[in-house]
Structure formats: C-alpha cells, structure tokens
There are 2 protein chains.
Amino acid sequence: MKPVRMKDIARDLGVSVITVSKALRDHSDISAATRARVLKRVKELNYKPNYAARALVTGRSNMIGLVVPDLVHSFYSEIGNGLGGVLRKAGYNLVISSSEEDQEIESQVIDQLIARRVDCLVIASSNWTAAALKRVIEANIPFVLIDRRVPGIDANFVGGDDELIGVIATEHLIEVGCKTIAHIGGAKITPARGRLEGYKKTLAKHRLALGPEYIVTHDMLDESAHEVGYESAMSLLKLNPRPDGIFCFSDPLAIGTMRAILDAGLRVPEDVALVGCGNLHYDVFLRIPLTSVDQQSFAIGERAATLAIAMIDAESQSGPKPKPRSILLQPKLIIRESTYRKIHA
Amino acid sequence: MKPVRMKDIARDLGVSVITVSKALRDHSDISAATRARVLKRVKELNYKPNYAARALVTGRSNMIGLVVPDLVHSFYSEIGNGLGGVLRKAGYNLVISSSEEDQEIESQVIDQLIARRVDCLVIASSNWTAAALKRVIEANIPFVLIDRRVPGIDANFVGGDDELIGVIATEHLIEVGCKTIAHIGGAKITPARGRLEGYKKTLAKHRLALGPEYIVTHDMLDESAHEVGYESAMSLLKLNPRPDGIFCFSDPLAIGTMRAILDAGLRVPEDVALVGCGNLHYDVFLRIPLTSVDQQSFAIGERAATLAIAMIDAESQSGPKPKPRSILLQPKLIIRESTYRKIHA
DNA sequence: TTGAAAGCGTTACCAG
DNA sequence: CTGGTAACGCTTTCAA
C-alpha cells in the first residue's frame, strides 16, 4: 500500500501533475474551480506531499538542526521549546541531536545534519574546535550559535549577557553584606569566562578582590554538576577566611554547593549566602529556595528561531549577506531565601 | 558554491557514478583499489551524501519522529536522551515535536512527520483520538507508543507498569503507618488510570478504602502541575479525617503538594507522608527530600528506540508483521525523608 | 489558465 | 567487477 502521489490525484481528475502541484501551493495561475477539485481529492485520498522529493528539487529541506550538549538539562530543553514553537508555526521541523558534551559526537552529529541538508543549524557547542564549524561554513549552511560563543568566529549569536550576569550576582552578594565571595564556575566555555569576568570586575570595583584560591572552575556535564558543586564547595569552605558568599555558574552547581554548606554544619544564608544562575523551575522548592539569575532560556530559543528563519530567507534572496548579529538577553535577578540576610552595612 | 555530488567525484576519478555509490556503501562487488580511490577523493572534497535524494529512491528517510506532550518535563527529555543515543549509533536522526498537550497541535505535527516520511513514529500522546493514530496507520508508518497507551489500539508500547507503581507507592505508605491515604492524579491518560487502580486495589486489600473525596484528578500540563498539586492538596487537607499520607501521580504534583502541607502548618512526613513518581534528579534536593517511584525514563527511551529499529527492519523484510509487543519497565521505590516515619504498627 | 520537458542526487536492476 | 538506464516524486522553466 504505497502512499498517494500527486500523479494519482492528477489521473483521477484528468489534469496534469503540474496543475496539482500549483493548486497545492496556492500558485496564482490556477482557476478557483480546479483548485477546489484538487483540494477535495487531496482530502479524500489523504494525500501528503513527499518532503524528500520537494527538498531534492528546491534545495530546501524545511528542517532546522539543533545541537545541544545535553538534552536533559532544563536550560536546553527550554531553549528547545522556544525554538520548536516558533519553527512549527513557520512550517519547519526540528531535528535535535545531543552531543553529550563530547567533541567527537558533536562532529559526527553536525556532519549528519549537514548531510540532511538542514536549512539552518542552531548550535550550543562546548569544546569547540573551529574545525567542526568550518565544515558547516564550507557546506554553506547558515548557523546560529546559542549560549556559547566560539572564539574567533564572528557568527550570529543568541545568548545571555554573561558578564552582566556575573556583575548582577556579585553585586547582590555584596549588597546583602558578603565580604568574602567565592566563585564556582565552568572553565573553557565562553559563558563561564564572561560570568567570571563580571565577578572579578565587581569585586575589584568594591576593593574586595581575593586570591585565586577563591575561584574554582571545572568543565563538566550538567549531569555531574551537583557533585562538582559539592566537592568544590567543600574545598572552598576550608579556606581562611571562609567565604561568606558563593556565586555559582549554574543552578545545578549551586544545588551541590548548598548541600555541601549544610553538610559542613553551616547555615544558608546566615553563614554563606548563595546565588546560582538559570532560575530553574524547581529552584523555589529546594531545601533553601535559591536566589538565581534568570537567563531567559525560552526567549533564547525563540530569538534563535526567528534569526534562523531570517537567515534562511536572506539566503534565498541573492542579496548581500547581512552582518552577523549578537542578540543578548537581559539577565534578571530572582531573589529567594538563599540570600535573605541582614544587611551588615 | 554548490555541495559536492557523487557525479563530481566520478568525473574526477574517471569512473561511473554507480561505482562511487557502491564504494560508499561498502557494496561487495567493488575492488579494494577503486574503493580506496573513491574514499580518498570523498575526503578531499568533503563530500556528504544527499539524504533527501537517497530517501527518495530507497523510500527510507533514516529519520524517526518523536512526539511528546512537553519537552521541558524531564521525564520526556530523559526519554529523548535514551532514544537519541541508541538512534544516533544506528545512524538515525531524531525529529522531535512537542504537542504542548494540545490535540490540535498533535495532529498537525503528526501530519508533518508523516509527510516527512519518517521511518517510525514514537508517540506519547495525551488526548488521543483514534483519528490521529488512524492517519499514521493509513500512512503505513510503524509506530511505538510510549508512556501512554491508546485505548482500543493494540500497538507496540513501552512504558511503566502503572498499576504496579500505584501498588508500590500505596503499600509503602501503609507500611510507614498511614491509615488515611489520599491520591492526587491525572484524569484521562492511561498511566493515571493505572496508578489509580493500583492505589485503589491496595487500599481495598488492606481494608482501608476511602470515599471518593480522597481522590482528586485533573488533566494538566506538567508546567502547571505544581499549582494543581498545591490546590488539590489544600482541599484534601480540609477533609475529616485528614489524610496522613498522599500518593501523587508525578513528582511535580508532589512538590506542589509538599508546599501546601507545609503552608498549612503541618509537617512532612510526621503529619502527612508523601510519595511521588518519576524520581526526578532534583528530588533529593527538595525542602524535604521526596520519596518517589522511579519509572526508568531513560530506559523507556532506549527500549523504544530498539523496538523502533526492529520494526523498521521488519518492514523491509516482507515477512508477516510481528505481533505488537508491550514492554513494561519495572518501577522501583526510592525512599527518602518524605516518608521516614515511625511504623505505628 | 494549463501542461510538456527537464532535472534535482541518488539507488535498483540488469547487462556487459 | 563495472556501468547504462530508469526511476523515485516533485518543482521550475517555458511554451501553448
């Protein structure tokens, strides 16, 4: 039982395949009567156009590829949701691949998506070798980077204002009276560097700068962030003077940190105040509700989708390519109990 | 700058396109020397096969469609992860669509995926009208249902043993001394019914059956589960006698319930013990760590992928279709503080 | 307003 | 072992 083809409809109606094709795509030069007949038969036979055939001739697949390091981390699934909604309404399908934060796998899935001739790639890459990106550029496929930039590549980007995130978090800790503020972060990825930068600048501005032992960085899977946070915090708490505030790169890190503080017999926020980043939806239900910097992940997805569609459209017009744009979403501090402290000032 | 085609490679090497095609697919009747030359040139030119063209002629797209009600809920993203890993290794791509728990959207995305000629559909449907499924069957596309069954449809299924989940959760509450056990659940979806059934049977077995006012059910988006749990729990807590144990259909529901109990000035687990379902990774970090029944969501994804691939292979062999299988994963109780109680027995 | 011819990049079938 | 021919289902271009 083969799928219905345009040919079948054309035969039934005594018209040509071309007529059917045009009627289906609302081409102007088709009589209303013919179109109606076609549409009627289409419905009767439950005809579905074959996208592969269409893609072959038009050169457009109507698919967008999304590559993320980790599907399970809600930050990325929210991005996926934002993307998916916009794309669905625009008639695109979303092909999602997880790189599992592994460079090898990332290359492999990107190659796959190139072979699929996706119309645009949306990529949150971690260990980014320019090599993988180069293949995308060579394949002449437009792409949008999200969340993480690639040093040396001037590409379209949608993400958070990471330095500002670092500033906001650190300023807040200072405001609630912290004097010895530590940071637990990522290592190589650009958001980690931006947030660290914001943290450092803010400390410097307030003349609170500390030795490097108050900064712990690791590259990690989000899955293991809890444990990394726990271990990192444990070592930070042994320092003298002990930190009275900790700014964590992500909420999962902050959750591990919180557990370490409590296990060490200290109180949050009285002894150590804590700020995370991501504003995950369960933050409010934690042992101690977590103050966090919201990154607007859903909006990142939406904006990336809009940008992707714009790039595809620009591609089909043979005009000059628009310059790459950087869209930075404004971070917003969400204050919860983990930083409710008397202001010592 | 057009993508490289087999034709280009054939021309460069002075062989035919067919030879290239065969060499690329490890066809037996090609000399090692020729294959080596082809592969070398393929690498040099960074050739990527055009999957659309291949799909057109083979009738197989090497894509699998996944339809879930909500990408953000970690239950589904874990399923997606399990699926994605297995499929990637088998050379398939995953096209993911969220139905946003909306029947209209669900139909629409399923139609899209049919038009894409995905080789198999993996579907977790909520408001399932047989109609949507019928189109899949008519299109002759194999499919696997996950998590939620469709009444009246004898299809391949991978999910949890929901009645057993209800039994395990309720037995546990009884064991820790609860006498008045309420249930907050879903309404129409089959897992909700199964868990409710297990709950009821267990109460009956222990002669603890209660009036229907101790059971609250709602169909809901996972996004709103927190609030639904909160409201439902608030009303349950006004009953006389007051419940001393609550079994919630999902962890998000349980989190809302926990908040309601605490807001009502009661203690967990001393006044009300609480069991959820899903064993989400943050359960352990909640205000009161949550006892939960693990559903093995990652495994559900893996098994669904394996099944999907098996169905596709079976399809290509013209043998008789294997009978639909039901794969039920064993639930496992994870005990945490929300049910640590003295045993009153 | 309609249609005929050509072709998109690939693979299947069958000859050489 | 190699290759020609046809076909997959659709759209584009141009002519009627």
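All chains are named by letter (A, B, ...) in the order of the sequence lines, taking the proteins before the strands, and each is independently numbered beginning at 1. Treat the numbers as computed from the prediction; the structure is a model and nothing was measured.
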Using atom [atom1] of [X] as one end and atom [atom2] of [N] as the other, report the distance to the nearest whole Å.
X: A:Leu56; N: D:dC8; atom1: CG; atom2: P; value: 14 Å
X: B:Lys48; N: C:dT10; atom1: NZ; atom2: P; value: 13 Å
X: A:Tyr51; N: D:dT11; atom1: OH; atom2: P; value: 11 Å
X: A:Leu13; N: C:dG3; atom1: CG; atom2: P; value: 11 Å
X: B:Arg116; N: D:dG9; atom1: CZ; atom2: P; value: 17 Å
X: A:Asp8; N: D:dG9; atom1: CG; atom2: P; value: 9 Å
X: B:Ile9; N: C:dT10; atom1: CD1; atom2: P; value: 8 Å

Will you find, in the side chains of [X] and [Y], an N or O donor that is under 3.5 Å from an N or O acceptor?
X: B:Ser74; Y: B:Ser77; value: no
X: B:Lys48; Y: B:Asn50; value: no
X: B:Ser61; Y: B:Arg54; value: no
X: A:Ser21; Y: A:Arg25; value: yes

Watson-Crick and G-U pairing of DNA chain D, under 3.5 Å, as dot-bracket with | and [ ]: ||||||||||||||||
Using OP1 and OP2 only, check whether a side-chain N or O of A:Thr19 sits under 4.0 Å from C:dG3. yes
Under 4.0 angstrom between B:Thr34 side-chain N/O and D:dT2 OP1 or OP2: yes
Looking at B:Glu44 and B:Arg37, is any side-chain nitrogen of the basic one under 4.0 Å from a carboxylate oxygen of the acidic one? no
From the options D:dT2, C:dT2, C:dT10, select the nucleotide whose nearest atom is closest to the side chain of B:Asn50. C:dT10
Applying salt bridge (charged side-chain N to carboxylate O under 4.0 Å, His left out), run through B:Glu101 and B:Arg148 and close with a yes or a no. CA-CA 12 Å; B:Glu101 203 83 85; B:Arg148 304 166 175 196; 2.9 Å; yes
Any heavy-atom pair between the side chains of A:Tyr92 and A:Ile309 that's under 4.5 Å? yes
I'd like to compare against my own output: the B/S/- annotation of nucleotides 11-16 of chain C with a strict under-4.0 Å heavy-atom distance to protein. BB----
A:Arg116 charged N/C atom sitting above B:Tyr51 aromatic ring, 6.0 Å / 45°: no
Salt bridge (charged side-chain N to carboxylate O under 4.0 Å, His left out), that's the test. Do A:Lys134 and A:Glu138 meet it? Break it down for me. CA-CA 6 Å; A:Lys134 237 173 75 185; A:Glu138 274 170 11; 5.0 Å; no
